[in-house]
Amino acid sequence: MVGKRWLIVILIVVLGLSGCGTRIIDGQQVNKKEKIIIKFSHVVEENTPKGLAAIRFANLIRERSNGSIEVQVFPNSQLFKDGEEIEALSRGDVQMIAPATSKVSQLFPQWQIWDLPYLFTDLKSVHQIMDGPLGQTLLTQLEQKNMKGLVMWDNGFKHLTNNEHPIIKPSDLKGLRFRIMSHGILEEQFRAFGADALFLPFNDVYQSLEEGQVQGQENTISNIYTKEFDRVQNYLTLSQHGFLGYAVIVNKEFWNQLPGQARELLESTLLEVTQWEREKARELNEEQLEELQKRKKMNIYTLTSQEKSAWKENFSSVYSKLEQEIGPDFLLDVKKMCEPQEKN
Ligand code: LMR
């Protein structure tokens, strides 16, 4: 009898020492070696939808994990530029990134659907695709490169800026050189109208506009405003011709070795921040457009819906090019999701 009791006591002590059962986590008590550090690198300013969401995510995770998980945010290409950050994530030099979908499309061509001009007429269809099975298919592709896609964030619709003349019809693009975020569809989008396209990392855009290496670029209001492109661009066409969104991605090996509880906390917080981020993107793009209007540095022209329809028709070669590259099926599924829903 006595022997059995001792066995139970010894078992309890051993289990206790080996850390079984619930461990109370207190940020101050966490051993530095146990702390989970997530380096989150991105290329935009802090006062942008992605920049603010990354900070919010880091703060919520610190609070909710009592300091045992630390998300360290590195904005503004401080650690890695475009073209470097995906490689850095695959290698494990950083654990989290949120590149524009266009940059992911350099590895996985189906991601170019996000770049198709005038495919998405509103954010509702964008979100349905992002959060549904088609979005999941795209995110799963990342696993081939030691990455895991968790969620997708918004920035918003892109517009055109340049420093030569107002752009109202597609033929106004002729002869101008535009900076593009990636090769492929974006290149075709400009070349289709006799314009030239040059791939440049985000961090180099301001200087290239200033020095005349390119005459124009396409971006969201938030990126135009926070990078002060209006100092080096005379014309803004509110064209809403393309969408700019992000994939929030982690290093797969790092993710798989995290304790289940940490993964759950990170995932649920990320889902919550995603809703917040999308709302913030909408708000910021509106507020910052007003700021640009007040600054009066650029001449701003808004395309009418008839003008937008004319642009869309002229982009048919861009759609055919993508269809040839990725096959018709995936594109057809995406197009179906973008068809106008019944009006109520
Ligand atoms: C760009 O390169 O213009 C954007 O993709 C930057 C960003 O991350 O919003």
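In listed order, ligands and their atoms are each counted from 1. This chain uses plain numbering: 1 for the first residue, then up along the sequence.
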(message) Quick check: do Arg191 and Lys321 have side-chain heavy atoms less than 4.5 Å from each other?
(response)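 No - every pair of side-chain heavy atoms lies 4.5 Å or more apart.
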(message) So if I only count non-hydrogen atoms and take anything under 4.0 Å from ligand 1, which residues does that give, chain by chain?
(response)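 Shell around ligand 1 (4.0 Å, heavy atoms): Val43, Val44, Lys50, Asp82, Ala100, Lys103, Arg179, Met181, Phe202, Asn219, Asn223, Leu244, Tyr246.
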(message) How close do Phe80 and Val94 get, counting heavy atoms only, and between which atoms?
(response)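 In this case the closest contact between Phe80 and Val94 is CE1-CG1, 3.7 Å.
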(request) Can you see which heavy atom on Glu277 is nearest to which on Lys50, and at what distance? (result)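 Of all heavy-atom pairs spanning Glu277 and Lys50, the closest is OE2-N, 3.9 Å.
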(request) List for me each residue that meets side-chain hydrogen bond (donor to acceptor under 3.5 Å, both in side chains) alongside Thr226, sequence neighbours excluded, and say none if there are none. (result)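 Thr226 satisfies side-chain hydrogen bond (donor to acceptor under 3.5 Å, both in side chains) with no other residue.
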(message) Is the distance from the ring center of Tyr118 to that of Phe157 below 6.0 Å?
(response)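 No, the ring of Tyr118 stays outside the 6.0 Å limit from the ring of Phe157, centre to centre.
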(message) I need the single residue from Leu139, Val250, Thr140 that forms a side chain to side chain contact (heavy atoms under 4.5 Å, CB included) with Lys148. Which is it?
(response)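 That would be Val250.
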